[in-house]
Amino acid sequence: MSKDEARAAKRIEQLREEIRKHDRRYYEEAAPIISDREYDRLYKELVDLETQFSDLVTPDSPTQRVGGKPLKAFEQVSHLIPMLSLDNTYSEEEVKNFYARIQRLLPDEKIPVVIEPKVDGVAVSLIYENGKLRQAATRGDGNVGDNITQNIRTIRSVPERLCDGAPKLLEARGEVYMDRKGFEKLNDERKKQGLPLFANPRNAAAGSLKQLDPEIVAKRPLGVVLYGTGATEGVDVNVHSEIFPLLKKLGLPATQRWWVAESVEEILDAIHQLDGIRHNFAYQTDGAVVKVNSFAQRERLGFTAKSPRWAIAYKYAAERVQTRLKDIVIQVGRTGILTPVAVLEPVLVSGSTVGRATLHNEDEIKRKDIRIGDTVVIEKAGEVIPAVVEVVKSKRPRGTAPFRFSKHIHGKCPVCGGHI
Ligand code: IVH
C-alpha cells in the first residue's frame, strides 16, 4: 500500500464511521447534529476517495447502499424460526377474554403484558451475524420467504453494522413501511407519468420490495420499524419489554412507544392511549398488539394451530366522520375510465384533512342514493383516499335530486368534449 493509499484508507474509515453515526442520528433518533449540506459534503468526500482508490471500496460502505445488479428472481430462504401470524379482533370484549384465558392457564401468577403498535407494513426479518447485516427476508408463507437483502440495503435507517456489543446472532423482526409524505409524493410522480397509483402506503412498500432492481428501491422512501427478535445467540433477555431498548442500543430502529400492563383495565387504557397518538407516527398503524412479556410464561402458554396463545392483535375500527358533499366531479383516467369523485367540506379524519373521497362508479352512487348537498359518512381504513360509506338521510336538505351521471356531464367527456 502506498503512502497515499494508506492515508486514503484511514480517512475513508473515518468518513464511514462519521456517516454511519449521522445516519443513526437522522433516521433513528430524528435528531441530526449536522446540516444536510454538511452531510452531503462528507458523503461526497467519501465517494471521491472511493472512486480514486477503488480497491478500498467494501460492501458495507455507506456508498454501497445503492448497488448490486438487478436480480432475475428472489432467492428463497428458510426462516430459522417460523414467522407466525396473530389472532385478530375488533372487540374489547375479546381482549378481556384473551387476558382471562391466560390467567386461567397460569393461575395465581402475575402476567405482565406489553401493548405496542401493530404496524401496517410488510413483515421483514433482518439477520445480523457478529454485528453485520447478513440477510433480509420477507415473511413469505411463514416458513420460506424472499431474500430481499439487496433491497433492504438501500434503506438508510437499516444499519449495515450494529453498534458495539452486538451479539453473535441477532434476527430482528419488524415491518417495512413507506411514510405518508413519501407515499403521497410517489403517487404524485406516478400520476404525472401516467402510471397506476398505489392504493395505500402498505401496498406501495410491498410493491417497492418486490422490485428486482435495487436502484429502483433506493428511490422509494422506505423505512423500517422493528418490534421483536427471531433467532438469537448471545442475547440475554428474558422479557419482551427489554428488546426495544436493546435494539435501540444496537443502532436499530425500534418501536418508540409501548406500555406494560398487569390488568384488563390497564391493557384497555394503553390501547386507548395508543389510539390517541398513533397518527403522529411516520408509519401507519392499524391496531395494538398485546403480548405476554415474560418469555418463560410464553413458552408455557404455547401455540394453537396457527398462532401463539400469548398474543392478540386488537384492530382499531376505521375512523368515520360526517361531512357535507359539496359536489361530484368526474375524473378521467388515463385509460378513459370515468370515475366520480366526491368534493367534500374539508374534515379531519385519521390524522389528515380530507376534501375528496372516491365514489367508485355510477352504480355505487345509485345504490347508496348519494346526492349533492347530502351529509355523508366517510371512512378512512388502510386506504389513504377515503370512501363515502353512506348518506345520513335524516340530514338531507329539501330539493335535492338523484344524481344522474350522464346529465351531470351533459353526455360529454369532461376532458375532450367527445360523446361518451
Ligand atoms: S408479533 C407470533 N408485533 O402482524 C407473533 N406482529 O398477524 C408474531 N405485525 O406477521 C408477530 N405489528 O407482520 C407482531 N407489533 C407487532 C406487529 C406485528 C405488525 C404484523 C406482523 C405479523 C402480523 C400478525
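Just follow the structure's listing: the first ligand is 1, and inside any ligand the first atom is 1.
- Between Arg139 and Glu175 there is no salt bridge, since no side-chain N of the basic residue sits under 4.0 Å from a carboxylate O of the acidic one.
- The shortest N or O to N or O distance between Leu86 and ligand 1 is under 3.5 Å.
- Below 30°, between 30° and 60°, or above 60°: for Tyr314 and Tyr316 the angle between ring planes is above 60°, a perpendicular geometry.
- Side chain of Ser78 to backbone of Val144: no donor-acceptor contact under 3.5 angstrom is found.
- Within the set Lys291, Met83, His240, the minimum heavy-atom distance to atom 1 (S) of ligand 1 is found for Lys291.
- Taking a 6.0 Å sphere around CG of Asp164, one finds it holds 12 or fewer heavy atoms contributed by other residues, nucleotides or ligands.
- The line from CD1 of Ile148 to CG of Leu209 is 4.5 Å long, rounded to the nearest 0.5 Å.
- The shortest N or O to N or O distance between Ala123 and ligand 1 is not under 3.5 Å.
- Here Pro117 has backbone heavy atoms under 4.0 Å from ligand 1, and that is the only part of it that gets that close.
- When Lys118, Arg298, Glu116 are checked for heavy-atom proximity to atom 4 (O) of ligand 1, Lys118 turns out nearest.
- Electrostatic pairing of Glu160 and Arg153 counts as a salt bridge here, judged by a charged N lying under 4.0 Å from a carboxylate O.
- Considering backbone and side-chain atoms alike, Ser85 places every N or O at 3.5 Å or more from each N or O of ligand 1.
- Of the polar atoms of Glu175, at least one N or O is found under 3.5 Å from an N or O of ligand 1, judged by distance alone.
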